Amino acid sequence: QVHLVESGGGSVETGGSLTLSCAASGFSASANCMGWFRQAVGKEREGVAAIHTGSSTTFYGDSVKGRFTISQDAAKNIVYLQMNSLKPEDTAMYYCATDLGQGLWGYCYTSAGYYRSWGQGTQVTVSS
């Protein structure tokens, strides 16, 4: 059974930093896309970043480029999202997800529809 557990959310002031973690287990794909998504109240789920675990290629949504960094610890099956220069508009529930290795090798979409299994989310709140 696929299990994704996010952690690291919290409350910070504008300009602050947070690092989210997603611990993955229960699937055997040697390479897959792990993505971070967020959903603010009243808004659609937005793709933030993704990483192909086989090639370590990374992909970012336009709103976070230059501020957020996705990375992985392949040995521990953990994916991180380092968030710097946080803004109030970054406030949202953040989710990690996997496509279970069913996409193109080396390429990851940042659209939620391509992802098949999701964690429960961790809240990030940025105050002005």
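From a predicted model like this one, the values you see are computed outputs, not experimental measurements.
Counting only heavy atoms from C-beta outward, the side chains of Met83 and Asp90 never approach each other to under 4.5 Å. For the pair Asn77/Phe27, no side-chain contact is recorded, criterion being any heavy-atom separation below 4.5 Å from C-beta on. The shortest side-chain heavy-atom distance between Tyr94 and Gln39 does not fall under the 4.5 Å cut-off. Looking at Met34 and Leu4, their side chains come closer than 4.5 Å, going by heavy atoms from C-beta outward. With contacts defined as side-chain heavy-atom distances shorter than 4.5 Å, the pair Arg45/Tyr95 qualifies.
In this structure, Leu100 is a member of the same hydrophobic cluster as Val79, with clusters built from ILVMFWY side-chain heavy atoms closer than 4.5 Å. At a threshold of 4.5 Å between side-chain heavy atoms, the hydrophobic network of Ile, Leu, Val, Met, Phe, Trp and Tyr places Tyr60 and Tyr80 in two separate groups.
Not one N or O on the side chain of Ser85 forms a donor-acceptor pair closer than 3.5 Å with the backbone of Arg67. Of the possible polar contacts, none joining the Ser111 side chain to the Gly113 backbone as a donor-acceptor pair under 3.5 Å is found. When atom types are taken as modelled, the side chain of Asp99 and the backbone of Cys33 share a donor-acceptor pair closer than 3.5 angstrom.
Here the closest heavy-atom approach between residue Cys108 and residue Ala50 is recorded as CB-CB, 3.8 Å. Considering all non-hydrogen atoms of both residues, Thr98 and Val2 come closest at CG2-CG1, 4.2 Å. Scanning both residues, Ala92 and Gln123, for their nearest heavy atoms gives O-NE2, 3.4 Å.
Residue pairs meeting the ring pair (Phe, Tyr, Trp, His ring centres under 6.0 Å) criterion with at least one partner in residues 34-58, sequence neighbours excluded, are Phe37-Tyr115, Phe37-Trp118, His52-Trp105.
One distance of note links CZ of Phe68 with OG1 of Thr19; it measures 10.5 Å at 0.5 Å rounding. Considering CD1 of Ile51 and SG of Cys22, their distance stands at 11.5 Å, rounded to 0.5 Å. Summarising the geometry, atom NZ belonging to Lys87 is positioned 14.0 Å from atom OG belonging to Ser128; distances are rounded to the nearest 0.5 Å. In this structure, CD1 in Ile70 is found 7.5 Å from OG1 in Thr58, a value given to the nearest 0.5 Å. Going from atom CG of Asn84 over to atom CG of Leu18 covers 9.5 Å, rounded to the nearest 0.5 Å. Interatomic distance, NZ of Lys76 versus OG of Ser21, reported as 10.0 Å (0.5 Å rounding).
Note on ring orientation: taking the six-membered ring where Trp is involved, the planes of Phe59 and Tyr107 are perpendicular (angle over 60°, cut-offs 30° and 60°).
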Audit row: Val124, Leu20, side-chain contact (heavy atoms from CB on, under 4.5 Å) steps and yes/no: CA-CA 9 Å; Val124 172; Leu20 306 183; 4.0 Å; yes
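Using a 3.5 Å distance cut-off with no hydrogens or angles, the side chains of Arg38 and Ser63 do pair a donor with an acceptor. A side-chain N or O of Gln72 and one of Ser56 form a donor-acceptor pair less than 3.5 Å apart.
Comment: Lys65 engages Asp62 in a salt bridge, judged by a side-chain N to carboxylate O separation of less than 4.0 angstrom.
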Give every donor-acceptor pair under 3.5 Å between a side-chain atom in residues 6-16 and any protein atom, sequence neighbours left out.
from	atom 1	to	atom 2	distance (Å)
Glu6	OE1	Gln120	N	3.1
Glu6	OE1	Gly121	N	2.8
Glu6	OE2	Cys96	N	2.9
Glu6	OE2	Gly121	N	3.2
Thr14	OG1	Ser127	O	2.8

